[in-house]
Amino acid sequence: MSTKQPFRTADGGLIDRTQPQSFRFDGTRYEGFAGDTLASALLANGVRLVGRSFKYHRPRGILSAGPEEPNALVELRAGARREPNTRATVTELYHGLEARSQNRWPSLAFDVLSINSLLGPALTAGFYYKTFMWPASFWEKLYEPLIRRAAGLGRAAGHEDPDHYEKAFAFCDVLVIGGGPAGLAAALAAGRTGARVILCDEDFRLGGKLLAEKREIDARASSEWIADTLAELAGMPDVRIMARSTVYGVYDHGIYGVIERVNDHLPIPPAHQPRQRSWRINAKRAVLAAGAIERPIVFAGNDTPGVMLAGAVRAYVNRHGVLPGREAVIFTSGDDGWATARDLAAAGARIAAIVDPRPQIDAGLTALASRIGARVLTGGVVSAASGGRALRQVTIRDASGREQTIACDLLAVSNGWNPTLHLTSHQNTRPVWDEAIHAFVPGQMPAGLSVAGSAAGRFSLAQALEDGARLGSQAAADCGFAPTVDAQPPKTDPEGVALAPVWRVKDGKGRSFRGKAFVDFQNDVTDKDVELAAREGFKPVEHLKRYTTLGMATDQGKTSNIAGLAIMAEQTGKTIPETGTTIFRPPYTPVAIGALAGHHRGQDFRPIRLTPTHQWSKDQGAVFVEAGLWLRAQYYPRPGENDWLVTVNREVLAVRNGVGLCDVSTLGKIDIQGADAAGFLERVYINGWKALPVGKARYGLMLREDGFVMDDGTTSRLAETHFVMTTTTANAAKVMQHLEFCHQVLWPDLDVRMVSVSEQWAQAAIAGPKAREVLRGVVDAQHDISNEAFPYLAAREITVGGGIPARLFRISFSGELAYELAVPADHGDAMMRALMAAGEPHGITPYGTEALGVMRIEKGHVAGNELNGQTTARDLGLGKMMSSKKDFIGRLMAGRDALVETGRPSFVGFKPVDPNQRLRAGAHFIGVGKPAVMEHDEGYMTSVAYSPNLKHWMGLGLLRNGASRIGERIRAVDPVRNGDIEVEICNPVFVDPEGARLHV
Amino acid sequence: MRITCPHCGARDVQEFTYLGDASPSRPDGLEATEAAMFDYVYQRENPAGRHRELWYHGAGCHAWLTVTRDTRTHAIEAVEPTKRPKAGTAA
Amino acid sequence: MSDAATIPDADTIPDAARKLEWAPRGAWAELPADGHLGTPGAAGTTITARNGLGIASLIAAEGSDDALVQALKTRFGLDLPSTPLAVRSATHALVWAGPGQWLLVADDRSGFADDLQALSGLAAIAEQSDGRAALTLSGPKIRDALAKGCMIDLHPSVFPIGAAALTSIAHIGVHLWRVADGPDGAVFEIMVARSMAGSFWSWLSASVAEFGCTLAATGRG
């Protein structure tokens, strides 16, 4: 393939001609230069057809040279790095770039579905709603897949993204958004005061619109002013310049969302670097200097490749050294388009005609036209463009209505500019119409944000420089940085900004159908669609948007909203401001989900907490389960155990018949001290604490203030004014927050001092008839742990392993003789190994959360499934614990009639009538012989397990009036898994109901 | 949003947990009535505008804070520790 | 059950021998060996593991911390900070940890029990030596690396030497303070909950890799 870039100018442009960059588009190899965008490089190679449109599959070319591009969307890169809907106009060219056009089949030049164009009448506004109405079942199976294939954008990669992304946080006094003349001036003014400044620009090169222009500042080329400004900014230590960084959102209190495309300009990011970085910038003040977006004109065939915004043409000519066409027609409703004629001509293109609908034109402009040999048609319009895949001619209608055609390969369209004010409305404020400039300008500003230059509707270079200097200085002053002695804003060469916009060119008289005239290129919305919406009553802008899809998808109507409004205004006889405007929401341009996730994906999706004995558990072959953030050992399979139930049964039997060892370090542990510590516990637990002797533990239950159970656990009194509370693993943080609330908000005068010590202690349960014998091997000899000296519920500070401080609690979740031994976390691993060694003669067996769960169900202990936020202490059979001698959190609300009525579902056990049948948690209880419908629902099964001791399944559940129905039979119905079995209601304590084993 | 913790300084809202209206005070003691407790637990104003509310700086100093915020604009007028030091003592 | 019959040899094992079996395993046991991480060349960041610290929470009784203030002054020469600050002596640091709450940090855990004994009764004391994983972070690029997760402003004008903060990084609670500058500029000490040391390391190692990092004092060379 040729690499000579036929549309590249001989010289000029901000490209590096010594650095050719080879790339592929739809498989064909081309060459561009460093400094190109993909769009400019394609144009340099004469590639004009770059995509097919969303609905009609019409051939589309490059419309713009910026982020507003609706047409030139490509799939960038290949394989797992493929990224759909990338705008060629802002894609920085790199060596080896690979891109493919979208939404075409089988090829871009020959697209089967372009027949949609001929089916136009069936695909007008609202066609989704009208065409695919019936039958409803067809939606999912037929219509939607069909629509999705035919109408769509690019394809996602379908593989895991191999690159990594980061988040980052930054702080500054002044954030300047946009690196054009206004932004550079603002950053300079603020930076000179010594303020901390961040300047963000979405482009890879700073200068903004100036890069596209041949302008003079202080009688020098504007490029020199940019270079000088950047050099001065670079010398300021507290100024940070962030290129390739888009400010996409404004949030409360001066927070700005920014995507930095760190390495999108390389095929693969260098090692240890992210592809993109998602910044959250906290700025005391911000200056929005985002420039403006040029507006197209709606006329027949205005989407033909070769029809381009006039400002974009200047960007390609002046910045990239590319001629977007050799035979150009200019269609401009203001002075600005004439500059395109001038620059094109200077670069060697022929200007066939300048069409300006205004009857009177500034004499300087007409002189320019004659200088470059261009015909001028004042009072005329371009009424059609044609050529299919590339522009061949335009039809011009003069002031008298006569039409003529002119051959050309480029039509540059200029219809004035819309301030890029999107960020000003992210805090829900609406732009307001400025009749003087025929555009919406920022309305009420979010706190701390000011707008400079074109973004404020002040379009001239002189205004941009003046605004930037003034607002940059003001922003710094607002942060307490005194303005420096100010130089006058630099002087600029003159420019014309007069404008009389033409929103659309209607078909000529008697010409019924000339072709489609597009308002929204990306969504294939035509002027006829807007008219149809008006006729069918979808007149408010929000209805217009939803009915026609105008302004949706990746460009969010950057080039289309205003024309859509104008046409609707014309249909309804209102003005544009009366018709309204949509407000913009974040993000300003599309943001990759990966960038928002940053580091937090896969293993790092959220933090993982590991216990101090994790390595020991791994060494024992544990299978782990997530419990909140924790990884806990679930069970410890041995070779040959292929079913987890086999393993769990072995572990349970080992504990009941010998001794087992379980890591319980994940329990929340809160150290509570102070003169009022006992009194505080009285207020947060339902039961009494003042009488608890030092050296003893007690089970406690706490309610929420609404009377429902919050959490449970054992709390031990280590000294008169010193307790250590345990919470469930799941609720540790929640309970801490609750206790802080009780202390700081409810009872600030109590002397109670709390701190979490969950992390300090590794804790293990040693359970089973042989537990004491094992423990004896690790506890230092001077501590008497005999049954007499250390009875059930004893809790003491001891030492182990020859002087290591430890805490020993004789408490039991399994119902066996059991202890919990806590040592400082560094010793946790050694504690487990020492206990294993000491227990070896007794066949000590590590057990995990599954076996723990089986044994607690065997003992009828409540756990997370029962402490589910809907149960009261009474429901769980713990009502007697509620003290009547004191006030406590939840006391009064727990006494409400509806919470004490006997019919409430209450806690009981269940066993299958046929002992071979399996129970299922979640099954609902229905009376025998009754239909399984809601009105017969009597409660549900909360927890089930297979008991290897009883050799059948057992369940716990909440059953209406359950406690008085022991011995009855009822059905456990589980429609999701086709379960419907008869169960017997029983005491929830299945094993050792007398609790004799605890006390041995 | 950013909340300026009186202890820690300006922090991202991610560090805080919201509870709600700061005005109800708990009817303490055995003599409190169910009706008063019901009001305390459930009755809340939901004003469009100035609102005094409780926030917990859980990822910071663990202080419960009383934040005066405009619910329409999120503008924060004041942030105070809910627990006031006893008279005559330093923080 | 008779205990006497089931105590086989508890008394016959010498304490010293038993202690050998109780080799401690610190919070950073899983860190890679000392050396260079990430982008080759001059390291922009340095991470030094801090093992063997003595750490305890001190919570004053409200309105009566005079005795505590005096004891800390006498024993460590340190003034109890009432705002988010960290004060340091040659061997100890006192770090603000919330209103009326501090961390006492001893560079060396031996002797820490005596330190705590000396303060007994003057504050609610809870030892946390094993519950925190601590690092020293430095290097010319350390602020850039921390910015990838730290939601507070570490600019010298805002976070001077001695500043301390409780905040979170990558959804992990951290206690962070700035100590005297080193040869490469700012030096931060940071602590995270021991259980999250692995996840914190995952974030930190990813965040410093871009700048290159020297990892030191892991105990594995």
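Everything quoted here is computed from the prediction, not taken from an experiment. Residue numbers begin at 1 in each chain, while the letters A, B, ... track the order of the sequences. What you see below is based on every heavy atom in this structure, not just the backbone, and it leaves out hydrogens, waters and symmetry mates.
With a 4.5 Å cut-off on non-hydrogen atoms, A/R277 touches chain C through its side chain but not through its backbone. Both the backbone and the side chain of C/S202 come within contact range of chain A, with heavy atoms under 4.5 Å apart. Neither the backbone nor the side chain of A/T721 comes within less than 4.5 Å of any heavy atom of chain C. Proximity to chain C (any heavy atom under 4.5 Å) is restricted, for A/H600, to the side chain, taken from C-beta onward. Proximity to chain C (any heavy atom under 4.5 Å) is shown, for A/P612, by both the backbone and the side chain. For a residue to count as touching a neighbouring chain, one of its non-hydrogen atoms must lie under 4.5 Å from one of that chain's; by this rule A/W630 touches chain C with the side chain only. For chain A, the nearby part of C/A60 is the backbone; its heavy atoms alone come within less than 4.5 Å. C/I55 does not touch chain A: none of its heavy atoms, backbone or side chain, sits under 4.5 Å away. Of the two parts of C/V208, neither the backbone nor the side chain holds a non-hydrogen atom closer than 4.5 Å to a non-hydrogen atom of chain A. The part of C/Q101 that comes within reach of chain A is its side chain, from C-beta onward, which places non-hydrogen atoms under 4.5 angstrom from that chain. For A/A834, the part sitting under 4.5 Å from any heavy atom of chain C is the side chain, from C-beta outward, and nothing else. For chain C, no part of A/R280 is nearby; none of its heavy atoms comes within less than 4.5 Å.
Between A/R240 and A/C172 the shortest side-chain heavy-atom distance does not fall below 4.5 Å. Side chains of C/D107 and C/R50 form a contact here, defined as non-hydrogen atoms less than 4.5 Å apart. Side-chain contact between C/L135 and C/W28 is present, with heavy atoms from C-beta onward closer than 4.5 Å. With contacts defined as side-chain heavy-atom distances shorter than 4.5 Å, the pair C/L103/C/H175 qualifies.
A centroid separation of less than 6.0 Å is found between the aromatic rings of A/Y792 and A/H999.
Side chains of A/D663 and A/T611: a donor on one and an acceptor on the other come within 3.5 Å. Between A/N282 and A/H253, the side chains place no donor N or O within less than 3.5 Å of an acceptor N or O (distance only, hydrogens not considered). Looking only at atom types and distance, the side chain of C/W203 has no donor-acceptor partner in the side chain of C/S199 under 3.5 Å away. Side-chain atoms of A/Q763 and A/S665 include no donor-acceptor pair closer than 3.5 Å. With no hydrogens or angles considered, a side-chain donor-acceptor pair links A/H783 and A/T799 at under 3.5 Å. Residues A/T613 and A/D829 have side chains that never bring a donor and an acceptor to within less than 3.5 angstrom of each other. Using modelled atom types, one finds a donor on one side chain and an acceptor on the other under 3.5 Å when comparing A/D619 with A/Q615.
The contact list for residues 111-124 of chain C toward chain A, using heavy atoms and a distance under 4.5 Å, reads C/A123, C/A124 by residue number.
Checked options C/R194, C/R25, C/R132; the residue passing with A/D826 is C/R194 (criterion: salt bridge (charged side-chain N to carboxylate O under 4.0 Å, His left out)).
Among C/A126, C/A197, C/A27, C/S157, the residue with the largest count of heavy-atom pairs under 4.5 Å with chain A is C/A126. For the set A/D604, A/V752, A/D751, the entry with the most heavy-atom pairs within less than 4.5 Å of chain C is A/D604. Top candidate by heavy-atom pairs under 4.5 Å with chain C, chosen from A/E166, A/R753, A/R609, is A/R753. Contacts with chain A were tallied for C/H155, C/H171, C/R143, C/M151; C/H155 has the most, counting heavy-atom pairs under 4.5 Å. With respect to chain C, the highest number of heavy-atom pairs below 4.5 Å among A/H164, A/M831, A/Q273, A/R833 belongs to A/M831.
Using a cutoff of 4.0 Å between basic side-chain nitrogens and carboxylate oxygens, A/R196 and A/D173 are not scored as salt-bridged.
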